[in-house]
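Contents: one structure, followed by commentary.
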Amino acid sequence: MLRPATLTALAILALACGSLLGLARAGSDIATLATLGPYLTRLIASAGLQAALSTLLSLVLGTGLALALLRRRFPGRELLLALLTTAAVAPTIVIAFGIVAIYGRSGLLGSLARSLGAEPPSIYGLHGIVIAHVVMNMPLVTRALLHAFEREPGERRRLASALGFSAADCFRHLDWPVIRREAPALAVLVFLLCFTSFAIVLSLGGGPANATLEVAIYEAIRFEADFVRAAALAGLQLLICLALAAAMTALTPKSREEAGAERNATRPDLFALRRLDGLVLILAAALIAPPLFSVAGGLGAMTTLASAEFVRAAVTSAVIAVSAGLLACLLALLLASGARRLPQRSRLPDLAAFAMLGLPPFAFVAGLYVLLRGFTDPASLGLVLVPLVNALMALPYAYRLLAPALATSAQRHGRLAESLDIAGWNRLRLVEWPALRGALGAAFAFATALSLGDFGVIALFGGPELTTLPYLLANRLGAYRIEEASALALVLVLSAGGLAFLTQRWSARHA
């Protein structure tokens with residue numbers, strides 16, 4: 001008999017394949033990638049280069065920031081953690097707007113450079129894409145590693161203090177094993193997020209030289225109506241992502257968790273790296289805060305949002321986001337529970353979780369729409385598909401946060417629970433819930449905030465009967481109503497930030 005986790009994984013993979021088949025059936029020609037020739041090679045090379053650079057910088061900076069936050073307790077720490085979560089889940093259109101507002105020729109730094117007699121460089125191109133990706137993905141790496149570090153038994157830190165470990169010894173024996181265990185999955189996650197990036201590349205790419213497969217799929221659907229080519233490109237992208245997910249599983253070492261009750265033991269390197277930690281914290285704040293705070297100009301235009309249309313869009317966004325967040329956490333829990341029980345060689349839960357990163361949201365939704373449009377009207381279909389697809393797109397984030405927590409619980413208490421015949425609901429409530437509470441709050445915040453700011457899915461179904469805040473923001477930008485657009489962007493950032501702050505308080509209370 002198949003376990004629920006296996007059924008969930010198979011259902012997700014079947015849904016992904018079904019959407020591609022539905023998209024391919026909308027065309028009339030046989031799908032082929034051979035006609036793309038060198039263009040396809042250039043697309044993959046371009047996407048791979050910017051993704052590799054973005055991943056390397058995000059991992060290095062994110063690891064340094066996680067270690068600094070692990071060692072330091074200071075006023076405003078929770079606010080900084082909430083700011084990190086906000087940057088990770090903020091709508092990409094808001095991040096792109098903020099990057100241009102700060103680093104663009106007419107932005108804050110560009111104006112400052114001109115006032116000093118220097119010509120500011122253009123933000124458009126590979127460097128602009130990398131900066132935006134680091135702003136969005138470095139916080140994700142930081143939060144994931146910080147959760148992993150905080151799960152380590154405090155007895156190890158107490159033993160390190162008793163043995164007089166130096167800062168180098170602490171990194172080698174306390175920090176590096178955690179980084180080595182978590183880095184492959186985080187690297188693959190960030191690489192796939194950058195490799196499949198769409199809005200950032202489209203906004204800051206500066207031309208076809210920096211295009212990605214995602215952009216080519218969008219052009220095939222939006223401008224050429226070539227659904228067969230779009231399905232073939234999406235299938236290729238899905239295969240690449242699944243191959244990377246399989247490699248990630250093979251490279252991730254088996255965890256060596258130990259039982260421990262103390263979590264707040266002091267590290268022996270607490271005062272050895274104060275200057276380095278301070279520099280890392282200042283650099284992270286300087287990189288992340290300006291693009292987010294650039295939307296503060298919408299504060300003066302908040303009165304323009306006093307309308308029934310805004311209230312309806314806000315309520316719709318909240319309902320969709322909460323539904324998607326709950327569903328993403330449920331699916332992640334099911335997959336993570338299977339990953340801890342299945343043999344190490346089984347990669348099915350990982351493949352199912354990361355498969356969603358390989359499918360463009362608009363191609364995924366278009367394929368499902370083609371398959372299901374004959375069963376109900378488009379408006380009713382949108383009410384079901386938008387939360388579902390948003391949940392699936394947020395699934396890799398939630399899975400990455402919940403799977404290590406469940407694996408840790410299984411390593412520490414699994415054999416004892418089995419010997420006492422504790423299973424099912426009782427095991428979840430008594431054994432795993434204490435380890436899951438903090439990670440579950442962070443996963444729900446990520447999934448809900450991502451859904452709150454999503455535009456790729458609602459773009460297909462949006463209209464007078466189904467309007468969300470990102471859809472309203474896009475309409476205001478299209479109509480050149482910049483003041484209202486700025487106010488809507490501010491509402492989205494504040495909503496994500498408030499949710500992240502409350503969730504951080506929950507996670508800290510139940511760590």
Output all residues satisfying side-chain contact (heavy atoms from CB on, under 4.5 Å) with Ala443, sequence neighbours left out; order by chain, then residue number.
-> Cys329, Ala398, Leu401, Leu402

Which value, rounded to the nearest 0.5 Å, describes the distance between Thr63 atom OG1 and Trp176 atom CH2?
-> 9.0 Å

Residue pair Leu327 / Pro387, side-chain heavy-atom distance below 4.5 Å = no

Using side-chain contact (heavy atoms from CB on, under 4.5 Å) as the criterion, list what pairs up with Ala183, not counting sequence neighbours.
-> Ile179

Drop me the distance from Leu334's CG to Leu7's CG, to the nearest 0.5 angstrom.
-> 10.0 Å

What heavy-atom pair brings Thr448 and Ala321 nearest, and what distance separates the two atoms?
-> O-CB, 3.5 Å

In Å, rounded to the nearest 0.5 Å, how long is the span from CG of Leu126 to CG of Leu204?
-> 11.5 Å

Could you tabulate the donor-acceptor pairs under 3.5 Å formed by side-chain atoms of residues 43-52, not counting sequence neighbours?
unit_1: Ser46; atom_1: OG; unit_2: Ala209; atom_2: O; d: 3.3
unit_1: Ser46; atom_1: OG; unit_2: Ala211; atom_2: O; d: 3.3
unit_1: Gln50; atom_1: OE1; unit_2: His133; atom_2: ND1; d: 3.1
unit_1: Gln50; atom_1: NE2; unit_2: Cys194; atom_2: O; d: 2.7

Looking only at heavy atoms, which two atoms of Ile288 and Pro139 are closest? And how far apart?
-> CD1-CG, 3.8 Å

Measure the shortest side-chain to side-chain distance between Thr55 and Phe195 over non-hydrogen atoms and say whether it is less than 4.5 angstrom.
-> no

Partners passing side-chain hydrogen bond (donor to acceptor under 3.5 Å, both in side chains) against Asn390 (at least two apart in sequence or in another chain) = Ser451

What distance do Ile129 atom CD1 and Leu53 atom CG have between them, rounded to the nearest 0.5 Å?
-> 10.5 Å

Chi angles and distances behind the side chain to side chain contact (heavy atoms under 4.5 Å, CB included) call for Leu279, Arg275 | CA-CA 6 Å; Leu279 179 62; Arg275 292 183 179 179; over 6 Å; no

Passes side chain to side chain contact (heavy atoms under 4.5 Å, CB included), Leu193 versus Met136? Steps please.
-> CA-CA 10 Å; Leu193 288 172; Met136 298 181 67; over 6 Å; no

Please report the closest heavy-atom contact between Ala87 and Ile95, naming both atoms and the distance.
-> O-CD1, 4.2 Å

Just jot down the side-chain contact (heavy atoms from CB on, under 4.5 Å) partners of Ile102, sequence neighbours excluded, or say none.
-> Leu108, Leu109, Pro290, Ser294

So how far is it from Leu238 CG to Leu233 CG, rounded to the nearest 0.5 Å?
-> 12.5 Å

side-chain hydrogen bond (donor to acceptor under 3.5 Å, both in side chains) involving Thr142 - partner list, sequence neighbours excluded = none

Could you check Asp175 against Phe149 for side chain to side chain contact (heavy atoms under 4.5 Å, CB included), going step by step and ending with a plain yes or no?
-> CA-CA 7 Å; Asp175 301 329; Phe149 286 133; 4.1 Å; yes

Note, Arg143 side chain near Leu81 side chain (heavy atom, < 4.5 Å) | yes

Test item: Val280 and Leu67 side chains (from C-beta on) under 4.5 Å apart, heavy atoms = no

Go through the structure and list residues passing ring pair (Phe, Tyr, Trp, His ring centres under 6.0 Å) with Phe444, not counting sequence neighbours.
-> none

Sub-4.5 Å side-chain heavy-atom contact between Leu189 and Pro396 = yes

Interatomic spacing from CG in Leu140 to CG in Leu145 - rounded to 0.5 Å = 9.5 Å

Any residue meeting ring pair (Phe, Tyr, Trp, His ring centres under 6.0 Å) with Tyr397, in chain and number order, not counting sequence neighbours | none

Please check if atom CG in Leu299 has more than 12 non-hydrogen atoms from other residues, nucleotides or ligands closer than 6.0 Å.
-> no

For Thr196, the side-chain contact (heavy atoms from CB on, under 4.5 Å) test, sequence neighbours excluded, returns Glu214, Gln237, Cys241

Closest approach of Leu112 to Ser115 (non-hydrogen atoms, all atoms of both residues) | O-OG, 2.5 Å

Contact summary for Ala328 and Leu395, nearest pair of heavy atoms | O-CD1, 3.8 Å

Derivation and outcome, side chain to side chain contact (heavy atoms under 4.5 Å, CB included), residues Arg77 and Leu69 | CA-CA 8 Å; Arg77 183 176 181 273; Leu69 289 170; 4.2 Å; yes

Side-chain contact test, heavy atoms from C-beta onward, threshold under 4.5 Å: evaluate it for Ser495 versus Leu452 and give yes or no.
-> yes

Compare every heavy atom of Glu182 with every heavy atom of Ala148, then report the nearest pair and how far apart it is.
-> CB-CG, 3.7 Å

Residue pair Ile131 / Ile123, side-chain heavy-atom distance below 4.5 Å = yes

For the residue pair Leu61 and Leu283, establish whether any side-chain heavy-atom pair is separated by less than 4.5 Å.
-> yes

